[in-house]
Amino acid sequence: MAKLFSSAQETLARIVKGLMAALVIPLGIGLLLGILDQLELAGASGQTFRRWIEWGFVTYVGIHLLLYRPVGVFRASHRIFSTLAVWLFGGQVASVEGGGGKGKTGKGAKGETGAQGSTLVAFSPYVIPLYLILVSGAAWLLARWVDRTYVDGPAGFLIGMTAAFHWLMTADDLQGQRDRWHLETYLLALGLVFVMTLLLGGACLPWSVPGFAFTHALGDGLLRTQAIYTAVIHQLFF
């Protein structure tokens with residue numbers, strides 16, 4: 001009886017995670033479209049910020065797929081926020097040292113349990129796009145002393161590159177843990193990371209993109225999300 005109850009509980013948990021993933025993914029799409037629409041602002045470099053960001057994004061995707069994956073750079077930022085998260089919330093992070101399911105505690109099996117039990121700690125480093133934030137901050141500082149003609153284009157390009165870097169490296173890192181997760185858990189994790197990085201990165205964009213209104217982008221993104229939900233429900237039930 002206990003085994004049957006446990007199986008039913010696991011099935012219910014998987015259904016709930018699947019439904020949450022189905023809700024989070026349209027939210028991420030809506031927020032992305034809202035932010036991109038707000039980036040249709042002409043920069044001093046002669047192109048819109050959206051164009052520069054898209055060029056940077058595509059450039060990094062090509063580098064990542066064809067030439068080189070800067071795993072060490074990603075691990076450096078991950079290790080910083082992992083340490084901070086452990087200090088704030090306790091626990092250990094399974095993936096900090098590159099991949100296994102065991103936390104680095106020196107306690108054997110106890111380390112593995114601690115790592116898997118600290119979900120907040122394990123995922124917190126993934127949701128902070130450190131290099132995107134640093135680029136936005138550097139662009140804000142440079143614009144105080146350098147003509148924006150020389151700042152806007154490179155800043156937009158690097159924002160696109162760092163966004164692509166964070167998302168692709170996160171997907172690669174989480175893919176390495178797929179053997180411990182069901183598909184719906186993996187999709188939910190990716191969706192939550194995507195949404196949180198959009199929110200954090202979008203909140204920093206006004207530093208480097210003059211005229212960018214994060215609140216307007218957020219409102220537009222939520223309206224687009226609602227439209228996606230409505231379209232899906234209409235297709236499924238009407």
Side-chain angles (χ1 to χ4, degrees), residues 21 24-25 27-29 31-32 35-36 39 50 52-86 89 91-104 115-116 118-139 154-205 207-208:
V24 167
I25 291 173
L27 175 60
I29 295 172
L31 290 175
L32 176 62
I35 290 174
L36 289 177
L39 288 170
R50 176 172 178 172
W52 280 109
I53 289 173
E54 288 174 344
W55 285 346
F57 191 95
V58 172
T59 298
Y60 177 78
V61 170
I63 293 173
H64 185 92
L65 295 178
L66 301 176
L67 298 176
Y68 174 67
R69 300 183 181 187
V71 178
V73 178
F74 179 75
R75 290 290 179 192
S77 65
H78 194 96
R79 197 170 283 113
I80 291 171
F81 288 109
S82 296
T83 303
L84 179 61
V86 169
F89 307 115
Q92 186 55 273
V93 184
S95 60
V96 174
E97 300 299 331
K102 296 183 179 181
K104 187 179 178 183
Q116 293 178 355
S118 303
T119 304
L120 178 62
V121 175
F123 282 102
S124 54
Y126 292 114
V127 303
I128 303 175
L130 174 63
Y131 298 109
L132 190 156
I133 294 172
L134 291 177
V135 168
S136 296
F157 188 83
L158 289 174
I159 286 171
M161 287 197 71
T162 52
F165 161 78
H166 185 82
W167 287 332
L168 290 178
M169 290 303 302
T170 295
D172 282 353
D173 208 52
L174 293 179
Q175 178 64 30
Q177 305 176 50
R178 276 283 288 116
D179 58 337
R180 296 193 289 112
W181 295 346
H182 296 296
L183 176 62
E184 63 278 359
T185 305
Y186 177 67
L187 293 177
L188 178 59
L190 286 180
L192 289 174
V193 168
F194 185 67
V195 169
M196 292 302 298
T197 51
L198 277 177
L199 293 175
L200 291 173
C204 296
L205 283 179
W207 300 346
S208 54

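In this structure, CD1 in Ile159 is found 11.5 Å from CG in Leu134, a value given to the nearest 0.5 Å. Distance check, rounded to the nearest 0.5 Å: CG of Leu158 to OG1 of Thr59 gives 10.5 Å. Atom CG of Asp173 sits about 3.5 Å away from atom OH of Tyr126, to the nearest 0.5 Å. Rounded to the nearest 0.5 angstrom, Leu192 CG and Thr197 OG1 are separated by 10.5 Å. We find the OH-OH distance between Tyr68 and Tyr60 to be 9.0 Å, quoted to the nearest 0.5 Å. The structure places CD1 of Ile53 at 4.5 Å from CG of Leu39, a figure rounded to the nearest 0.5 Å.
The shortest distance between side-chain heavy atoms of Leu200 and Pro129 falls below 4.5 Å.
Pairing each heavy atom of Ser136 with each of Cys204, the nearest pair is CB-O, 3.6 Å. The minimum heavy-atom distance linking Ala171 with Leu190 is given by the pair CA-CD2, 4.0 Å. Contact record, Pro70 with Phe165: CG-CE1, 3.6 Å, taken as the closest heavy-atom pair. Between Ala164 and Val61 the shortest heavy-atom distance is CB-CG2, 4.3 Å.
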Quiz prompt | Chi angles and distances behind the side chain to side chain contact (heavy atoms under 4.5 Å, CB included) call for Ile63, Met161 | solution = CA-CA 10 Å; Ile63 293 173; Met161 287 197 71; 4.1 Å; yes

Quiz item: Would His166 and Leu132 count as a side chain to side chain contact (heavy atoms under 4.5 Å, CB included) if you check the C-alpha gap in whole Å, the side-chain angles of each, and the deciding distance to 0.1 Å?
Solution: CA-CA 8 Å; His166 185 82; Leu132 190 156; over 6 Å; no

Quiz prompt | CA sep, side-chain torsions, deciding dist, call: Arg75, Met169, side chain to side chain contact (heavy atoms under 4.5 Å, CB included) | solution = CA-CA 9 Å; Arg75 290 290 179 192; Met169 290 303 302; over 6 Å; no

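Among Leu31, Val193, Val127, the single residue meeting the side-chain contact (heavy atoms from CB on, under 4.5 Å) criterion with Leu198 is Leu31.
Ring orientation note: the planes of Trp55 and Trp52 are nearly perpendicular, at an angle over 60° on the 30°/60° scale. The aromatic rings of Trp167 and Phe194 sit tilted, their planes meeting at an angle between 30° and 60°.
Remark: side-chain polar atoms of Tyr131 are paired, donor with acceptor, to backbone N or O of Val73 under 3.5 angstrom.
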